Amino acid sequence: EKTYKDLIDEGFEVKAYDTSTLKTESGLILMFFVTVLQKNREVYECQEYQTVDESLQTLDLSFICRKITQPYKIGIGT
């Protein structure tokens with residue numbers, strides 16, 4: 001429900017950032033971005049997924065930020 005801007009406006013700082021890019025045989029480029037933001041003891045992980053064509057036109061975009069909480073559960077649908 002929050003964006004990067006919301007979190008930064010609330011005083012969160014970027015603590016880590018990573019990106020991966022995959023190119024498919026059909027020419028599509030899949031880009032994955034993960035950012036960790038922290039303020040005091042609160043931590044959010046934001047994930048962005050983009051699909052672009054060879055001209056870098058965005059075809060699909062997905063973005064979500066999640067607050068890291070206890071208990072931490074690993075698995076689908078958690």
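Computed from a predicted model, the values in this text were never measured in an experiment.
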State, with a plain yes or no, whether a side-chain heavy atom of [X] is found less than 4.5 Å away from one of [Y].
| X | Y | value |
| --- | --- | --- |
| Q50 | L30 | no |
| M31 | E48 | no |
| Y49 | L61 | no |
| F32 | T21 | no |
| E54 | K23 | yes |

Do I29 and F33 share a hydrophobic cluster (ILVMFWY, side-chain heavy atoms under 4.5 Å, transitive)?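 In one cluster with I29: F33, yes.
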Minimum-distance pair of heavy atoms, taken over all atoms of [X] and [Y]:
| X | Y | value |
| --- | --- | --- |
| V14 | L37 | CG2-CD2, 4.0 Å |
| F63 | T3 | CE2-CA, 3.9 Å |
| L28 | L59 | CD2-CD1, 3.4 Å |

If the threshold is 4.0 Å, N to carboxylate O, is there a salt bridge linking E45 and K67?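 No, no charged N to carboxylate O under 4.0 Å.
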Expected output: side-chain E13 to main-chain K15 donor-acceptor under 3.5 Å: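 Not a single qualifying donor-acceptor pair exists.
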Is the backbone of E42 close enough, under 3.5 Å, to the side chain of N40 for a donor and an acceptor to pair up by distance?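 No, the answer is negative, given that no donor and acceptor are paired below the 3.5 Å cut-off.
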Kindly give the cluster partners of V43, where membership spreads through any ILVMFWY side chain lying under 4.5 Å from a current member.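 Its cluster mates, by chain and number, are V36, I68.
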